[in-house]
Structure formats: C-alpha cells, structure tokens
Amino acid sequence: MGCESTIIMGKVATIDSSASEEVAGEIRHLGPMADYPRLAFTMNAVRKAGEHLSRHLAFTPESHEEIVETFTVANSWRDSHIYPMRSIRYSVRHRMNKAEAYGVMASRPKTMGSIRRKLRESTVRLDQMNDLGGCRAIMDEIAGVRSLLAAIGDEFPHDARQHYTYIDNPKSDGYRSHHVVFIYRPRSKEAEAFDGRRIELQVRTRLQHAWATAVEAVSLYRGQDLKHGKGDQDWLRLFALASAEFAYVEGCPVHQDMPDHSSRIAEIKELDGRLGAAAMLENIKNATHYAENFVYERGPKYFLIRYFPDHTVKVESYQSPIAMSNDFGRLEATIEEANDGSRAVLVEVDKVDKLIDTYPNYFGDVSLFVSNLRRICDGREAVEYTMAPQEVVAPTSTRWGDVGWLRRRYSRWDERKK
C-alpha cells in the first residue's frame with residue numbers, strides 16, 4: 001500500500017495513500033494546528049468545574065474569583081473540542097459531496113447556558129458530554145438524509161459511538177433529527193492531544209429544521225423554553241401536531257400518540273385560530289433587526305451571533321479559532337453576571353450567505369414553517385423544501401435620515417459591552 005508525505009506545522013506526516021486526498025484537503029481546510037485552543041487544565045479540574053456549574057451561581061465580591069475560574073476551566077475544556085469538531089465536519093462534508101447529497105452544514109460549540117442546563121437536569125458530568133462540539137447537516141429532503149447517513153457509515157475516520165434515531169422514532173414533542181455521536185480519532189501525531197473528544201452530528205431535512213427553529217424562534221420571542229417543554233401548552237401542542245404533519249409529508253413515522261391525519265388538520269386549524277400563530281410568526285420575522293459588523297473576506301468563517309431581548313441581533317465574524325473562543329467565553333461570563341436576557345451563540349458555516357439558512361431562529365426567519373402552517377390551515381398538504389417557494393429574510397431597511405435612531409440602537413449594544 002502506497003503512502004505520501006505531507007507537511008504539517010513544519011513536520012512531515014506520513015499518510016496512507018488511500019485516504020491522502022481527504023486528509024490533505026482537511027489539513028488545508030483546518031489550517032495550522034497552533035491556531036486551535038487546547039485544554040490547559042487537568043481532567044480533575046474539569047470535573048470540579050462541572051460540579052460547580054451544576055449549582056446556582058451568585059456573583060458576589062466573595063464568590064466572583066471562584067466563578068471566573070470555574071468558567072475559565074469549563075471554557076478551556078469546551079474550546080478543546082473545536083479542532084475535532086471542524087475535522088469531523090470536514091469529513092461529513094466530504095462524504096456529502098461524494099454522495100451528491102444536497103444540503104448545508106454548520107457547526108458550533110455548545111453554549112454555556114445549555115451546558116449548565118444539562119448539568120442541572122441530568123446526571124451527566126461535564127467531561128462526559130457528547131455535544132460540547134456539534135455539527136449540523138441540513139439536507140434538502142429525506143432522501144438526502146438517508147444518503148448521507150449511509151455515506152458516513154462507510155469507512156468513516158472517526159468512531160460512531162451512538163446513534164439517536166429521532167426521525168424514525170420521533171419524540172412525543174415532535175422533535176425529529178438523526179444524531180450520531182462520534183469519538184474523534186487523530187490522523188496525525190500533532191492532533192493526538194484531541195484524541196477521544198466527543199462530537200455530535202445532527203442530520204435533518206430542511207422541513208425538520210424549519211420546525212425546530214420555529215420552536216426556538218417562538219421561545220426567544222415569548223421568553224419561554226418551549227424547546228424543553230416549558231411554556232404555553234397550546235403552542236407546544238401546535239408544534240407537536242405540525243411535526244406529525246411534516247413527518248406524514250416526508251413519508252416518515254408519526255409518533256404513536258398523535259391523532260390521525262384528518263383529526264390533526266382540524267386541531268391545527270383550531271389552535272392556529274386561537275393563538276393567531278401564523279400571524280405571530282410573521283410578526284417575529286418582521287420584528288427582528290440585525291446588523292453585520294464584519295467585512296466579507298475569503299477563508300473559513302466563524303460568526304458570533306448575539307440576540308437581545310428587544311429582538312435586535314448583532315453578528316460579528318472571526319478568522320481565528322482562538323480569538324473567537326476567547327471572546328465567546330468572556331461574553332458568556334458577562335451575560336451570566338448581568339442576567340439581562342440576551343443570548344449568544346458561536347457558529348461556523350460554509351459561506352456567509354448560509355448563516356441564516358442554518359440558524360434562522362436568531363434572525364426571525366420562520367418562512368418555511370409559517371408557509372407550511374398556512375398550507376395546512378388552508379386544507380393543503382405541507383411541502384418539502386425542494387418544492388416550496390423560498391423566501392429569505394433580509395435586514396430591515398434603515399431610514400438613514402434619522403441618524404439619532406441609529407445612534408440609539410448602537411449605543412444600546414455599546415452599553416451592553418461595558
């Protein structure tokens with residue numbers, strides 16, 4: 001079996017020729033290893049930080065230093081998943097292209113708020129979490145999901161630890177996606193520091209993604225945690241019924257507790273009338289404003305999205321994984337201390353114009369979900385993404401004559417930074 005040599009960080013790495021094309025492409029895509037943060041603490045310190053994060057944290061002069069140290073350790077552990085996350089994302093994208101399965105990909109480190117919620121509500125420890133680094137493949141239709149899952153099962157370079165089949169076995173709340181937990185395996189000596197990191201891949205259709213992001217958009221807008229079953233029961237029921245209709249259209253299993261097709265349609269219509277759901281979803285889209293604080297450049301793109309309670313969104317871009325992880329960690333600690341209701345998420349997408357496609361909930365873009373909800377209420381079936389007329393949310397136009405309005409908006413962001 002032949003082999004080739006590739007330069008990695010000034011050293012020569014020997015690569016099996018059967019995988020050399022993919023590995024060489026990954027090396028070019030990921031860039032220098034020195035650009036990625038590594039764990040700077042012991043695993044005992046990580047476990048201790050996890051125990052601390054699972055408890056209520058009250059910022060006082062006496063506790064401030066200890067809490068900052070806790071976040072520092074937890075951030076270091078989370079950040080050490082960025083390189084494995086990007087490596088697995090590249091391998092998935094490589095197989096998506098080879099299978100000619102059409103869709104978009106994104107990845108993100110888990111937010112500290114989500115980490116703390118899981119630590120509080122489960123027995124899992126910080127060092128055991130499967131999704132501190134997460135990748136997402138959003139396929140145009142269900143056939144693409146099946147093709148991609150088959151492709152990543154064929155000699156994938158990382159170990160598939162567990163599958164969660166929420167498409168063929170949907171949750172009672174309507175959530176549908178296929179999750180795979182991978183154990184990262186290094187393909188060069190320089191990457192051995194990341195060996196064993198767990199990374200979660202979510203594979204879903206655009207229609208399933210539209211449902212999930214509509215749940216999150218309504219949660220953000222209403223200040224409720226519908227994603228975790230907390231909040232208005234009518235909204236929760238509407239989303240469960242809508243998911244069943246989407247599954248019906250895609251030819252996928254419907255949860256056993258759902259009523260039959262005609263009964264679902266009748267109940268969705270009744271709930272939409274009572275909640276004014278479609279109209280409210282349109283309001284979410286119209287009420288959300290965002291500003292891009294970056295210059296379009298070539299190369300890998302990381303975006304820090306911050307959502308404020310007044311439905312303004314700020315987007316900043318980064319080229320360096322270390323710079324973005326440092327800023328993200330500081331921002332999350334600030335949000336935790338201020339408790340001002342804002343949210344932040346750090347994501348990577350293939351292209352800047354795919355940012356809203358992969359994280360539409362932060363931009364109020366619920367177009368695909370609301371168009372299908374209206375179809376159902378009009379007595380027509382929902383349609384998959386490839387058949388639906390698409391509408392992309394755009395930044396709200398600014399009336400430049402009112403300079404004071406612009407100054408007030410940006411001053412709110414500046415104040416939140418202080």
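Just so we're clear, the structure is a prediction, and the values are computed from it rather than from any experiment.
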Q | 4.5 Å side-chain heavy-atom contact, Glu316 and Tyr302 | A | no
Q. In Å, rounded to the nearest 0.5 Å, how long is the span from CG of Leu149 to CD1 of Ile167?
A. 7.0 Å
Q | Under 3.5 Å: donor-acceptor pair, side chain of Ser317, backbone of Phe303 | A | no
Q: Could you tell me whether the side chain of Arg343 reaches within less than 4.5 Å of the side chain of Thr111, counting heavy atoms only?
A: no
Q: Could you verify whether a donor N or O on one side chain and an acceptor N or O on the other, from Arg86 and Ser107, lie under 3.5 Å apart?
A: no
Q) Is any side-chain heavy atom of Met96 less than 4.5 Å from a side-chain heavy atom of Met139? A) yes
Q: Let me see the working for Arg237 and Asp234 under salt bridge (Lys or Arg N to Asp or Glu O under 4.0 Å), right down to the final yes or no.
A: CA-CA 5 Å; Arg237 179 64 175 175; Asp234 284 345; over 6 Å; no
Q | Donor-acceptor under 3.5 Å (Arg95 side chain, Ser91 main chain) | A | yes
Q. How many angstroms lie between CD in Gln202 and NE2 in His209, if you round to the nearest 0.5 Å?
A. 9.5 Å
**Q.** Exercise: identify the closest heavy-atom pair between Gly229 and Leu236
**A.** O-CD1, 3.7 Å
Q: Check step by step if side-chain contact (heavy atoms from CB on, under 4.5 Å) holds for Val254 and Arg264.
A: CA-CA 11 Å; Val254 174; Arg264 287 197 302 268; 3.9 Å; yes
Q | Which atom of Phe369 lies closest to which atom of Ala210, heavy atoms considered | A | CB-O, 3.8 Å
Q: Kindly indicate whether the side chain of Val92, heavy atoms from C-beta on, has any atom under 4.5 Å from the side chain of Phe156.
A: yes
Q. Step by step, would you call Asp173 with Lys171 a salt bridge (Lys or Arg N to Asp or Glu O under 4.0 Å)?
A. CA-CA 5 Å; Asp173 64 2; Lys171 292 185 175 184; 5.8 Å; no
Q.
Closer than 3.5 angstrom, by distance alone: can the side chain of Ser325 be matched with the main-chain N or O of Ile322 as a donor-acceptor pair?
A. yes
Q) Arg306 and Phe308: which non-hydrogen atoms are nearest, and at how many Å? A) NE-CE2, 3.4 Å
Q: Quick one: sort the Tyr90 and His94 rings into parallel, tilted or perpendicular, breaks at 30° and 60°.
A: parallel
(Q) Within the 4.5 Å heavy-atom criterion, are Asn130 and Arg161 side-chain neighbours or not? (A) yes
Q.
Return the CD1 to CG distance between Ile199 and Leu132, rounded to the nearest 0.5 Å.
A. 7.5 Å
Q) Taking atom CD of Glu121 as the centre, does the number of heavy atoms from other residues, nucleotides or ligands within less than 6.0 Å exceed 12? A) yes
Q. Is Thr165 reaching over with its side chain to a backbone N or O of Asp168, donor-acceptor style, under 3.5 angstrom?
A. no
Q) What do the steps show when you test Asp140 against Arg206 for side-chain contact (heavy atoms from CB on, under 4.5 Å), and what is the final call? A) CA-CA 5 Å; Asp140 286 355; Arg206 297 265 194 169; 3.2 Å; yes
**Q.** Closest approach of Val218 to Leu281 (non-hydrogen atoms, all atoms of both residues)
**A.** CG2-CD2, 3.6 Å
(Q) Nearest 0.5 angstrom please: Asn326 CG to Asp79 CG, how far? (A) 7.0 Å
Q: Tell me, yes or no, whether the heavy-atom count around Lys48 atom NZ, taken from other residues, nucleotides or ligands under 6.0 Å, exceeds 12.
A: no
Q. In terms of ring plane angle, is the pair Tyr184 and His158 parallel, tilted or perpendicular, where the classes change at 30° and 60°?
A. parallel
(Q) Going by salt bridge (Lys or Arg N to Asp or Glu O under 4.0 Å), Asp195 matches just one of Arg187, Lys189, Arg185. Which one? (A) Arg185
(Q) With a 3.5 Å distance limit and no angle check, can you tell me whether Ser76 reaches the backbone of Thr72 through a side-chain donor-acceptor pair? (A) no
Q) Partners of Ala278 by side-chain contact (heavy atoms from CB on, under 4.5 Å), sequence neighbours excluded? A) Asp272, Val370, Leu373, Arg374
Q.
Looking only at the aromatic ring of each residue, does the gap between the centers of Tyr36 and Phe194 stay below 6.0 angstrom?
A. no
Q: For the pair Ile142 and Gln208, evaluate side-chain contact (heavy atoms from CB on, under 4.5 Å) and give the outcome as yes or no after the intermediate values.
A: CA-CA 9 Å; Ile142 193 66; Gln208 293 160 6; 4.0 Å; yes
**Q.** Least distance between heavy atoms, Asn75 atom then Gly329 atom
**A.** ND2-CA, 3.5 Å
Q.
For Leu226, is there any backbone N or O sitting under 3.5 Å from a side-chain donor or acceptor partner on Trp235?
A. no
Q | Heavy-atom pair of closest approach, residues Met112 and Ala74 | A | CE-CB, 4.1 Å
Q.
For Glu66, is there any backbone N or O sitting under 3.5 Å from a side-chain donor or acceptor partner on Thr70?
A. yes
Q: Report the C-alpha separation of Arg78 and Glu332 in whole Å, then their side-chain angles, then the decisive distance to 0.1 Å, and conclude whether the salt bridge (Lys or Arg N to Asp or Glu O under 4.0 Å) test is met.
A: CA-CA 13 Å; Arg78 177 184 60 182; Glu332 287 191 307; 2.8 Å; yes
**Q.** With sequence neighbours excluded, residues passing side-chain contact (heavy atoms from CB on, under 4.5 Å) with Lys227
**A.** Val215, Glu216, Asp225
(Q) Restricting to ring-ring contact (aromatic ring centres under 6.0 Å, His included), what partner residues turn up for Phe71, sequence neighbours left out? (A) none
Q. Hey, what do you get for CZ (Arg125) to CG (Leu119), rounding to the nearest 0.5 Å?
A. 11.0 Å
**Q.** Any donor-acceptor pair under 3.5 Å from Arg198 side chain to Val181 backbone
**A.** no
Q: Evaluate the criterion side-chain contact (heavy atoms from CB on, under 4.5 Å) for residue pair Asn372 and Val249; output intermediate values, then yes/no.
A: CA-CA 11 Å; Asn372 276 299; Val249 167; over 6 Å; no
Q) Is a side-chain N or O of Ser243 found less than 3.5 angstrom from the main chain of Tyr175, in a donor-acceptor match? A) no
**Q.** Neighbour count >12 (heavy atoms, 6.0 Å) for atom OH, Tyr102
**A.** no
Q: Would you indicate whether the side-chain heavy atoms of Val347 and Ile305 approach each other to under 4.5 Å?
A: yes
**Q.** NE2-CZ distance between His56 and Arg116, expressed to the nearest 0.5 angstrom
**A.** 8.5 Å
**Q.** Side-chain touch Val315/Leu304, heavy atoms, less than 4.5 angstrom
**A.** no
Q | Pairwise side-chain contact, Glu245 with Trp211, heavy-atom cut-off 4.5 Å (strictly under) | A | no
